[in-house]
2 protein chains.
Amino acid sequence: MDKRMRIGELARRAGVTQRTVRHYESIGLMPPGEREGTGQHYYTEESLERLRKIDQLKKLGLSLDEMREVVQLYFIDPSGVQSKRKALALLRQHLAETDQKLSELGQFRGEIQSLIGHFERWFEKREGE
Amino acid sequence: MDKRMRIGELARRAGVTQRTVRHYESIGLMPPGEREGTGQHYYTEESLERLRKIDQLKKLGLSLDEMREVVQLYFIDPSGVQSKRKALALLRQHLAETDQKLSELGQFRGEIQSLIGHFERWFEKREGE
DNA sequence: TCAAAACATAACGTTTACGTCATGTTCATC
DNA sequence: GATGAACATGACGTAAACGTTATGTTTTGA
């Protein structure tokens, strides 16, 4: 029994604006909510999860365009051997990219720590005088 | 003896366009190259490092605006106790943010791997038949 | 020294990811 | 059944980060 909701509730619970939801629909990042004859769109919990996943991917620096493929993988389970193979290849590529980012971010962290160390030692010296 | 270079070489070696360099100067992210009477700007190896650092920070998802402070810390060593304290506080904040990102990225990595696992098991089953 | 390549500055154009009206329709409820 | 809140659709606006002419000046190499 899916909790039918309209765009207002969906957007509020996802922490985005209605405009954002419609924007994602318009560029094919979200499927448009099902209509009910009269023109209004209705959404499910899955729509909500999808919005949250998009938000998470954004934080990782992906553009809406780059996200499209990945989001598909999360919410459409591909049928057919061919599309499953494609999905697997895509996922492996994304794993590699993620590892690359993790490594760069780790290096950046090291640099920050080193700078912090410099400053801390400078202050320690001063206090010891 | 600093290898004086002009904007063409600088941009080429940094892998960006001249327009990009000028843009960074115009928003105060890079100091404008020193002029030599006639109007032309001259740059040093430090300018190059700075451009590369900016590029690195961009990959980590920082906006040019957010970058400004961090880049300062790398290339201007703050004089005076007050500014040193401020720098230290800033660096610690950036360290915390970086750790947060690292954790999120790690979680994302896990999700990707899990998805890959699903697909791989599916293929194994099929072959075993 | 003189033409071609490189540079400076200004101004308008472009893409991404929405924000912000404006206007008409549908829902909920009194 | 009226009316205020919520929704649909369209169109124009905006900020960031440059791209792309256009025009005039400076450097460089034959």
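Reminder, nothing fancy here: chain letters follow the sequence lines and each chain counts from 1. All values below come from the heavy atoms of this structure, side chains included, with hydrogens, waters and symmetry mates left out.
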Do any side-chain atoms of residues 57-66 of chain B form donor-acceptor pairs under 3.5 angstrom with protein atoms, and if so which ones, sequence neighbours left out?
{"residue": "Ser63(B)", "atom": "OG", "partner": "Asp65(B)", "partner atom": "N", "Å": "3.4"}
{"residue": "Ser63(B)", "atom": "OG", "partner": "Glu66(B)", "partner atom": "N", "Å": "3.1"}
{"residue": "Ser63(B)", "atom": "OG", "partner": "Glu66(B)", "partner atom": "OE1", "Å": "3.4"}
{"residue": "Asp65(B)", "atom": "OD1", "partner": "Arg68(B)", "partner atom": "NH2", "Å": "2.6"}
{"residue": "Glu66(B)", "atom": "OE1", "partner": "Ser63(B)", "partner atom": "N", "Å": "2.8"}

Contacts of type side chain to side chain donor-acceptor pair (under 3.5 Å), residue Tyr74(A), not counting sequence neighbours
Glu111(B)

Side chains of Tyr24(A) and Val16(A): closer than 4.5 Å at any heavy-atom pair?
no

What pairs with Glu46(A) under side chain to side chain contact (heavy atoms under 4.5 Å, CB included), at least two apart in sequence or on another chain?
Thr44(A), Phe75(A)

Holding to side chain to side chain donor-acceptor pair (under 3.5 Å), I want the full list of residues that pass it with Gln100(B), two or more places apart in sequence or in another chain.
Glu104(B)

Only pairs under 3.5 Å count here: list side-chain donor-acceptor contacts from residues 82-96 of chain A, not counting sequence neighbours, and write none if there are none.
{"residue": "Ser83(A)", "atom": "OG", "partner": "Ser79(A)", "partner atom": "O", "Å": "2.5"}
{"residue": "Ser83(A)", "atom": "OG", "partner": "Gly80(A)", "partner atom": "O", "Å": "3.1"}
{"residue": "Lys84(A)", "atom": "NZ", "partner": "Pro78(A)", "partner atom": "O", "Å": "3.0"}
{"residue": "Arg92(A)", "atom": "NH2", "partner": "Glu120(B)", "partner atom": "OE2", "Å": "2.6"}
{"residue": "Gln93(A)", "atom": "NE2", "partner": "Glu97(A)", "partner atom": "OE2", "Å": "3.2"}

Sequence neighbours excluded - salt bridge (Lys or Arg N to Asp or Glu O under 4.0 Å) pairs with any residue from residues 10-21 of chain A
Glu9(A)-Arg13(A), Arg13(A)-Glu45(A)

Min side-chain heavy-atom separation Tyr42(A)-Arg6(A) under 4.5 Å:
yes

Among residues 10-24 of chain B, which contact DNA chain C at a heavy-atom distance under 4.0 Å?
Gln18(B), Arg19(B), Arg22(B)

Quick one: which protein N/O atoms are closer than 3.5 Å to N/O atoms of nucleotides 22-24 of chain D? Pair and distance per line, please.
none

Tell me every residue that passes side chain to side chain donor-acceptor pair (under 3.5 Å) with Gln56(B), counting only those two or more places apart in sequence or in another chain.
Lys53(B)

Contact list please: residues 52-73 of chain B against DNA chain C, heavy atoms, distance less than 4.0 Å, in numerical order.
none

Tabulated below should be each protein N or O lying under 3.5 Å from an N or O of nucleotides 27-30 of chain C; please produce it.
{"residue": "dC27(C)", "atom": "OP1", "partner": "Thr38(A)", "partner atom": "OG1", "Å": "2.7"}

Taking only residues two or more places apart in sequence or in another chain, which ones pass side chain to side chain contact (heavy atoms under 4.5 Å, CB included) with Thr98(A)?
Leu102(A), Leu105(B), Phe108(B), Arg109(B), Ile112(B)

